[in-house]
Q: 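Quick one: this structure, given as structure tokens, is what I'll be asking you about.
Just so you know, residue 1 is the first one in the sequence shown, and it goes up from there. This structure is a prediction, so every number in the text was calculated from the model and none was measured. When a ligand or atom number is given, it counts from 1 through the structure's own listing order.
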Amino acid sequence: MTGAAMNDTLTKAAVLILLGPPGAGKGTQARMLEETFGLVQLSTGDLLRAAVAAGTEAGLAAKSVMEAGGLVSDEIVLAILKDRMAEPDTARGVILDGFPRTPGQAEALDALLAEQGLAISAAISMEVDDAAMVARVSGRYTCAQCGEGYHDSFKQPAVAGCCDKCGGTAFKRRADDNAETVGARLTAYHASTAPLIAYYETRGVLRTVDGMGAIDAIAAELGAIVGQVTA
Ligand code: AMP
């Protein structure tokens, strides 16, 4: 089915949450779901990196925390998320990637959605091995022009130095994608975010997928879930 045809199967605004440690593939899968279903990927990590790059007050406060692999305060993250959710392109539905990350954020999201007459369609936990995440995250980089993802060991461009998707020749790496910071990010995930799996299970919206499989197989599984919960 084409993306446009699949779009027609969405009959209500979808609110999808992707849960998983750094390197689980949330961003990759969110971008694929975005294309297939016409949803908007909403990554608080991307929004925070943009705030850091723009030198806003929130960005200045977040920068050192992000570099150390810690969690930015709920107050800053919620303010950024609310602003983004208010933009009209989110009306069809959103894929939350990297949010919520704490019980406080999860409760604030419930309240925000309730105000708008919305509810969580599904919180999808991507189950992966921690040990594999350090290698996945520390070798990854993206095309500076189109954002296509690559990896030193697992996925190099077909022609060295030239993006497969757009032909761009500049690439970038995130400052926090190094082995040392990934350890801190995994610790933060287990301490503050993993408890949300039980939170969403209690609310009857939890789904799980095996995040260690092939990207396309995971995408198919996620697509089936999104199709079910938005029908
Ligand atoms: P990500 O791109 O999702 O891996 O996020 C990169 C970094 O941004 C994280 O390690 C945190 O420092 C910060 N961050 C992103 N989203 C959140 C969030 N929901 N709550 C707190 N910190 C966040």
Side-chain angles (χ1 to χ4, degrees), residues 15-31 33-34 40-85 90 94-113 120 123-126 128 130 132-144 147-151 172-197 199-200 211:
V15 181
L16 298 156
I17 296 170
L18 293 184
L19 287 170
K26 302 183 299 293
T28 303
Q29 294 296 337
R31 277 189 293 279
L33 287 171
E34 197 174 35
V40 168
Q41 174 196 15
L42 216 156
S43 153
T44 42
D46 284 350
L47 294 171
L48 287 166
R49 278 184 287 280
V52 170
T56 64
E57 199 179 318
L60 289 174
K63 189 171 187 280
S64 57
V65 180
M66 293 171 76
E67 280 170 359
L71 291 181
V72 175
S73 73
D74 285 357
E75 193 190 357
I76 289 179
V77 173
L78 285 164
I80 282 184
L81 178 97
K82 275 187 190 173
D83 282 353
R84 183 66 186 89
M85 290 273 282
T90 61
V94 291
I95 309 154
L96 299 173
D97 158 11
F99 179 92
R101 253 176 161 103
T102 64
Q105 291 178 16
E107 283 161 20
L109 176 65
D110 285 344
L112 180 67
L113 294 176
I120 292 162
I124 307 171
S125 171
M126 301 183 64
V128 289
D130 259 24
M133 295 307 104
V134 178
R136 269 201 204 178
V137 173
S138 33
R140 68 185 182 183
Y141 60 99
T142 53
C143 170
E148 180 71 359
Y150 294 98
H151 193 281
K172 58 182 185 182
R173 278 175 205 267
R174 280 172 44 174
D176 60 347
D177 276 354
N178 57 72
E180 193 185 312
T181 312
V182 178
R185 289 161 66 196
L186 283 169
T187 302
Y189 174 78
H190 288 292
S192 304
T193 311
L196 299 184
I197 295 172
Y199 180 90
Y200 289 120

Q: Distance-only, no hydrogens or angles: does the Arg136 side chain make a donor-acceptor pair with backbone N or O of Gly23 under 3.5 Å?
A: yes

Q: Tell me, do Ser138 and Asp177 make a side-chain contact under 4.5 Å, heavy atoms counted?
A: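 A side-chain contact under 4.5 Å is absent here.
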
Q: Pick out which of Arg31, Lys26, Gln29 makes a side chain to side chain contact (heavy atoms under 4.5 Å, CB included) with Gln41.
A: Arg31

Q: Hey, are Asp74 and Thr102 close enough side-chain-wise for a donor-acceptor pair under 3.5 Å?
A: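 Looking only at side-chain atoms, Asp74 and Thr102 do form a donor-acceptor pair, the distance falling under 3.5 Å.
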
Q: With a 4.5 Å limit on heavy-atom distance, are the side chains of Ile17 and Leu109 in contact?
A: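 A side-chain contact under 4.5 Å exists here.
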
Q: Determine the minimum heavy-atom distance between Met133 and Val128, stating which atoms define it.
A: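 Taking every non-hydrogen atom into account, CE-CB, 3.6 Å.
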
Q: Taking non-hydrogen atoms within less than 4.0 Å of ligand 1, which protein residues qualify?
A: Thr44, Gly45, Leu48, Arg49, Met66, Gly70, Leu71, Val72, Val77, Gly98, Phe99, Arg101, Gln105, Arg174, Asp176, Arg185

